[in-house]
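Only one structure is covered here, and it is reproduced in the block below.
Naming: A, B, ... by sequence-line order, numbering from 1 per chain.
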There are 2 protein chains.
Amino acid sequence: MPKTKQFDEALVLQKARDVFWKKGYNATSMDDLVQATGLSRSSIYDTFTDKHGLYVQALQQYQEFQRVGLTSDMPKGLSPRKKIEWLFNKSISASMADPDRKGCFMLNSTTELANMDPRISKEAVKNLEMMELLFLSWIKEGQASGEISKKFTAKAIAHHLNSSFNGLKLVAQTKPDKDALRDIAKISLSVLDPD
Amino acid sequence: MPKTKQFDEALVLQKARDVFWKKGYNATSMDDLVQATGLSRSSIYDTFTDKHGLYVQALQQYQEFQRVGLTSDMPKGLSPRKKIEWLFNKSISASMADPDRKGCFMLNSTTELANMDPRISKEAVKNLEMMELLFLSWIKEGQASGEISKKFTAKAIAHHLNSSFNGLKLVAQTKPDKDALRDIAKISLSVLDPD
DNA sequence: TTTGTTTTGGAATGAACGTTCCAATATTAT
DNA sequence: ATAATATTGGAACGTTCATTCCAAAACAAA
């Protein structure tokens, strides 16, 4: 009997995410979101509770897309070291290809909101820890095979890669210079070289 | 004959900066700024034109303070390598000591505003280039004395340090774990080691 | 003290904000 | 077709926003 939902929730989240991503949370108005999604205010509030709820869900979808994209987009059969290199290079390409210089949505959310908004802080920490575990597993594997240096502990290297990955994205957002970004990736990853 | 200004402009900028730093540009209201500075709306608008003008001046003051603090706070007579270490360690201490987790004001400004606001983007790039030149001079000096490896060009290492420095600050803002931050500094700077 | 000028507090303004609300609409099961 | 129910568009609400404005106050020079 009931009328069925007229829109695809995941698609709406993507559109909302793009606006939030480009303008930030506070600079995005509900009018912007109504325009971008094509939905009416009623439908947005009915589905996502409020602006904050919509933002959180958009951010979660982004993080899930990123996480899934990591393994699905990556060529199969790469060695641990090559996986890391592929990830850094993909980030460089993405930064250089974005005419809006939006940077990383998770990173932007962290700096704009995390210190005042525990809900966002939680997502940021969760994402950081997910990346750390991913790096950690690759590094351990690489150290076991001898592809990655054992001069530092796997955990310490994972911390370093996490930081480097963020630094790379930040520099790319500030001044997208491909040569500089290549330098950064090259030197950041040089600590993986076995002796 | 005229009445003289009743307040110290630099002090007002500091107070405004602290609010902007903690809450971000868009989440800070003029009411917040009136309260924090103790000035009336008239005085603020008369002196700084508008909210945006006040923000830009606060950001410029911050960047100038940072730049000057680099050389004035640093112990004299350090070797290039030790200067870099001191800088990274100082950043770690600052992050761990801030109960508000505000992060770096320049970095926050960049991610919140730079892609939509050319004025802010200009400041961000200027700051990035200033840091790059600083690192570059230290690295060249260290490479000349043999304290720093010549395996990479000074410019490439400068790019790397710039990125690492930003990555460190971002991780510290997301999850201030002293051991992890120490790992990051240690490994990021290990590329300086001569063979 | 008086004069000339600037600063200042605080009220006022109009636009924009997030959110609520409801009548009209659309859809499915009967 | 009809009934039942959820969705929808858009008007309306009260707040908060950045900014303007002006009379009153404060100060320096005469």
Side-chain angles (χ1 to χ4, degrees), chain A residues 1-60 108-109 112-113 116-120, chain B residues 1-60 105 108-109 112-114 116-120:
Chain A
M1 290 176 178
K3 182 177 173 184
T4 56
K5 204 154 256 180
Q6 296 298 101
F7 56 88
D8 178 350
E9 208 171 300
L11 204 70
V12 166
L13 279 177
Q14 274 187 62
K15 290 175 177 169
R17 182 204 62 191
D18 286 342
V19 187
F20 281 133
W21 195 351
K22 180 168 184 181
K23 307 182 75 166
Y25 178 74
N26 284 299
T28 299
S29 68
M30 284 304 295
D31 249 8
D32 293 333
L33 295 163
V34 166
Q35 281 211 286
T37 60
L39 285 147
S40 71
R41 292 172 143 69
S42 335
S43 302
I44 295 179
Y45 278 89
D46 189 60
T47 312
F48 305 103
T49 311
D50 56 14
K51 186 187 173 187
H52 188 265
L54 176 56
Y55 187 85
V56 171
Q57 288 202 42
L59 183 61
Q60 286 176 325
N108 295 353
S109 300
E112 185 186 1
L113 304 169
M116 303 286 279
D117 185 335
R119 193 69 194 72
I120 303 297
Chain B
M1 290 179 178
K3 181 177 174 184
T4 55
K5 204 153 257 178
Q6 296 299 102
F7 56 88
D8 179 350
E9 208 172 300
L11 205 69
V12 166
L13 278 178
Q14 275 188 61
K15 289 175 179 169
R17 182 203 63 191
D18 286 341
V19 187
F20 280 132
W21 195 350
K22 180 167 182 180
K23 307 182 73 167
Y25 178 74
N26 283 300
T28 299
S29 69
M30 284 303 296
D31 250 7
D32 292 332
L33 294 163
V34 165
Q35 280 212 287
T37 59
L39 269 74
S40 71
R41 291 172 145 68
S42 334
S43 303
I44 294 178
Y45 278 90
D46 189 60
T47 312
F48 305 103
T49 311
D50 56 14
K51 186 187 172 186
H52 189 264
L54 177 56
Y55 187 85
V56 171
Q57 287 202 44
L59 183 61
Q60 286 176 325
F105 186 35
N108 295 353
S109 300
E112 185 186 0
L113 304 169
M116 303 287 279
D117 185 336
R119 193 71 194 71
I120 303 296

Within this structure, what is the [atom1]-to-[atom2] distance between [X] and [N], rounded to whole angstrom?
{"X": "B/Leu33", "N": "D/dT16", "atom1": "CG", "atom2": "C1'", "answer": "15 Å"}
{"X": "A/Ile44", "N": "C/dC21", "atom1": "CD1", "atom2": "P", "answer": "17 Å"}
{"X": "B/Phe20", "N": "D/dA18", "atom1": "CZ", "atom2": "C1'", "answer": "12 Å"}
{"X": "A/Leu39", "N": "D/dG9", "atom1": "CG", "atom2": "P", "answer": "7 Å"}

Please list, pair by pair, any protein nitrogen or oxygen found under 3.5 Å from a nitrogen or oxygen in nucleotides 17-19 of chain C.
{"unit_1": "C/dG18", "atom_1": "OP1", "unit_2": "A/Thr28", "atom_2": "O", "d": "3.2"}
{"unit_1": "C/dG18", "atom_1": "OP1", "unit_2": "A/Lys51", "atom_2": "NZ", "d": "2.8"}
{"unit_1": "C/dG18", "atom_1": "OP2", "unit_2": "A/Met30", "atom_2": "N", "d": "2.7"}
{"unit_1": "C/dT19", "atom_1": "OP2", "unit_2": "A/Tyr45", "atom_2": "OH", "d": "2.9"}
{"unit_1": "C/dT19", "atom_1": "OP2", "unit_2": "A/Lys51", "atom_2": "N", "d": "3.1"}
{"unit_1": "C/dT19", "atom_1": "O5'", "unit_2": "A/Tyr45", "atom_2": "OH", "d": "3.3"}
{"unit_1": "C/dT19", "atom_1": "O4", "unit_2": "A/Arg41", "atom_2": "NE", "d": "2.7"}

Symbol by symbol from the 5' end, with Watson-Crick or G-U pairs under 3.5 Å, [ ] crossing and | another strand, DNA chain D is ||||||||||||||||||||||||||||||
Decide yes or no, distance alone: a donor-acceptor N/O pair under 3.5 angstrom between the base of C/dG9 and the side-chain of B/Ser42. yes
With A/Tyr55 as partner, the option from A/Phe48, A/Tyr25, A/Trp21 fulfilling ring pair (Phe, Tyr, Trp, His ring centres under 6.0 Å) is A/Tyr25
Atom NZ of A/Lys22 with >12 non-hydrogen neighbours under 6.0 angstrom: no
**Message:** For a quick test of reading the model: is some side-chain N or O of A/Ser40 closer than 4.0 Å to OP1 or OP2 of D/dG10?
**Reply:** no
- Message: Please tell me whether A/Asn108 and B/Glu112 have a donor and an acceptor in their side chains that are separated by less than 3.5 angstrom.
- Response: no
With sequence neighbours left out, the residues meeting side chain to side chain donor-acceptor pair (under 3.5 Å) with B/Lys23 are B/Asp32
Heavy atoms of A/Lys51 and A/Thr28 approach each other most closely as NZ-O, 2.7 Å
